[in-house]
Amino acid sequence: MITTEDMMEDLIIDRKHPRRIPQQLLLDGDIERLLELAGMLHGHYCPGLALGVKAVEAAFRRLGIADNTGMEEIMAVIEGNSCVADGIQFASGCTLGNNALVYKDLGRTAATFYRRGGDRAVRVSVLRFDASAGNEEERKEGDALFEKAVKRREKLSDAESARMKELWIKRSFETAAMPVEALFTITDVPVPELPFAPLVDSQACSVCGESVMESRAVFRNGKAVCLACAGEEYRMVIGKGIATAKAMRQ
Ligand SMILES: [Zn+2]
Ligand SMILES: [Zn+2]
């Protein structure tokens, strides 16, 4: 049996530089291994995840970026919330949580990268979503299984699931091995002017007692009430993009 210790044995994490491994892999051009690690975040290997990792390879190389401390100095502006977004987050270190990932709800498979204070930004746009190597027959087989499982939400047999996984892994790593020029249109674009994430004070909601950012609270009789307790509209990112929801009064 493989223990956690065995699995972690050769993994050297530098606490002063936790992104050292992905960054070194990018510098070394070891995209295969970078994709392997990205699977930790994403949960499966798919061409989208591979394209996200490759988009970062293309942009960081062009911009000469080798480090990212996750303090909003390197920014990624993505234009869709597909599997590609996870490849981008893992490989670039720009994430939803560190506010270096900006999500434009455009439904396009493209992303713009830049260093704050720099004079260059690079936009990487996927030429074709299925732009991967591999033979045509396997691609059709994989697409048919994907269609059945994901588009039609039909149950796959164990054999079909295993086959789909196998094909998806193959296609992902084939994509990782392709030259970025074959996958994307890569262009210099104006540097986006996006503000740093504001530091906002929080208050306790006077109804539920939970901490809520002041920028998201409404004030009733001078007391902070979170949008959920206030039954107000709020926005959320769901599979189809940014949606508006109305809170149920609690
Ligand atoms: Zn995926
Ligand atoms: Zn509340």
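Annotation: the span from D30 atom CG to L35 atom CG amounts to 10.5 Å, rounded to 0.5 Å. Here the straight-line distance linking atom CD of E9 with atom CD1 of I12 works out to 10.5 Å at 0.5 Å rounding. Put simply, CZ on R15 and CZ on R20 are 14.5 Å apart, with the number rounded to the nearest 0.5 Å. To the nearest 0.5 Å, atoms OG1 (T244) and CE (M236) are separated by 9.0 Å. With rounding to the nearest 0.5 angstrom, the CG atom of L101 is 8.0 Å from the CE atom of M75. For the atom pair CD (Q203) and NZ (K223), the distance works out to 12.0 Å, reported to the nearest 0.5 Å.
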Evaluate C83 against H42 for side chain to side chain contact (heavy atoms under 4.5 Å, CB included), listing each step before the verdict. CA-CA 8 Å; C83 296; H42 192 55; 3.3 Å; yes
Yes or no on side chain to side chain contact (heavy atoms under 4.5 Å, CB included) for F60 and L27, after CA distance, side-chain angles and deciding distance? CA-CA 9 Å; F60 277 27; L27 285 174; over 6 Å; no
Evaluate the side chain to side chain contact (heavy atoms under 4.5 Å, CB included) criterion for residues L227 and V218: first the C-alpha distance (whole Å), next the side-chain angles of each, then the deciding distance (0.1 Å), finally the verdict. CA-CA 7 Å; L227 295 177; V218 292; 3.9 Å; yes
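Listed by chain and residue number, D14 satisfy the side-chain contact (heavy atoms from CB on, under 4.5 Å) test with K16 (two or more places apart in sequence, or in another chain).
Under the 4.5 Å side-chain heavy-atom criterion for ILVMFWY residues, no single connected hydrophobic cluster contains both L96 and V102. Placement of L49 and V126 within a single hydrophobic cluster is found when ILVMFWY residues are connected by side-chain heavy-atom separations under 4.5 Å, directly or transitively. If you chain together hydrophobic residues whose side chains sit under 4.5 Å apart, F113 and L26 fall into the same group. Cluster annotation: L51 is connected to Y103 through the hydrophobic network of ILVMFWY side chains, with a link wherever side-chain heavy atoms come within less than 4.5 Å. Taking hydrophobic clusters as Ile, Leu, Val, Met, Phe, Trp and Tyr residues chained together by side-chain heavy-atom distances below 4.5 Å, V122 shares a cluster with I74.
Salt bridge annotation for K151-D143: absent, with no cationic side-chain nitrogen under 4.0 angstrom from a carboxylate oxygen. Contact check on R163 versus E166 returns a salt bridge, with a Lys/Arg side-chain nitrogen under 4.0 Å from an Asp/Glu carboxylate oxygen. Salt bridge present: R220 and E232 bring a charged side-chain N and a carboxylate O closer than 4.0 Å. By the 4.0 Å N-to-carboxylate-O rule, E57 lies close enough to R61 to be salt-bridged with it.
Between the side chains of S161 and D158, no donor-acceptor pair of N or O atoms lies under 3.5 Å.
A heavy-atom distance below 4.5 Å is found between the side chains of F90 and L34. In this structure, L37 and L25 have side chains that are in contact, with non-hydrogen atoms separated by less than 4.5 Å. Counting only heavy atoms from C-beta outward, the side chains of V84 and I78 never approach each other to under 4.5 Å. By the 4.5 Å heavy-atom criterion applied to side chains, M164 and K148 are not counted as neighbours. Between N99 and F196, the closest side-chain pair of non-hydrogen atoms is not below 4.5 Å. Proximity of R115 to L63: side-chain heavy atoms (C-beta onward) are nowhere separated by under 4.5 Å.
Residues C226 and V212 approach most closely at CB-CG2, 3.9 Å, considering heavy atoms. Nearest heavy-atom pair across L194 and R116 is O-NH1, 2.5 Å. The shortest non-hydrogen separation linking N68 to Q23 is N-NE2, 2.9 Å. Between K54 and A176, the shortest heavy-atom contact is NZ-O, 2.8 Å. In this structure, A197 and E72 approach most closely via the heavy-atom pair N-OE1, 3.1 Å. For T112 against P192, the heavy-atom pair with the smallest separation is CG2-CG, 4.2 Å.
Remark: the backbone N or O of M71 is paired with a side-chain donor or acceptor of E73 at under 3.5 angstrom. A donor-acceptor contact shorter than 3.5 Å links the side chain of N98 to the backbone of A100. Not one N or O on the side chain of E138 forms a donor-acceptor pair closer than 3.5 Å with the backbone of L167. Between the side chain of S206 and the backbone N or O of V225, no donor-acceptor pair lies under 3.5 Å. A donor-acceptor pair under 3.5 Å links the side-chain atoms of D105 to the main chain of I242, judged by distance alone. Looking only at distances, a side-chain donor or acceptor of R120 sits under 3.5 Å from a matching main-chain atom of R62. With D6 contributing its side chain and T3 its backbone, the two residues share a donor-acceptor pair below 3.5 Å.
More than 12 non-hydrogen atoms from other residues, nucleotides or ligands lie less than 6.0 angstrom from CG of L11. A 6.0 Å sphere centred on CD of E137 holds no more than 12 heavy atoms belonging to other residues, nucleotides or ligands. In the displayed structure, D119 atom CG is contacted under 6.0 Å by at most 12 heavy atoms of other residues, nucleotides or ligands. More than 12 heavy atoms of other residues, nucleotides or ligands lie within 6.0 Å of CD in E154, so this atom counts as buried by the packing criterion.
Judged as a ring-ring contact (aromatic ring centres under 6.0 Å, His included), the pairs with a partner in residues 152-181 (not counting sequence neighbours) are, in order, Y45-F173, F146-W168.
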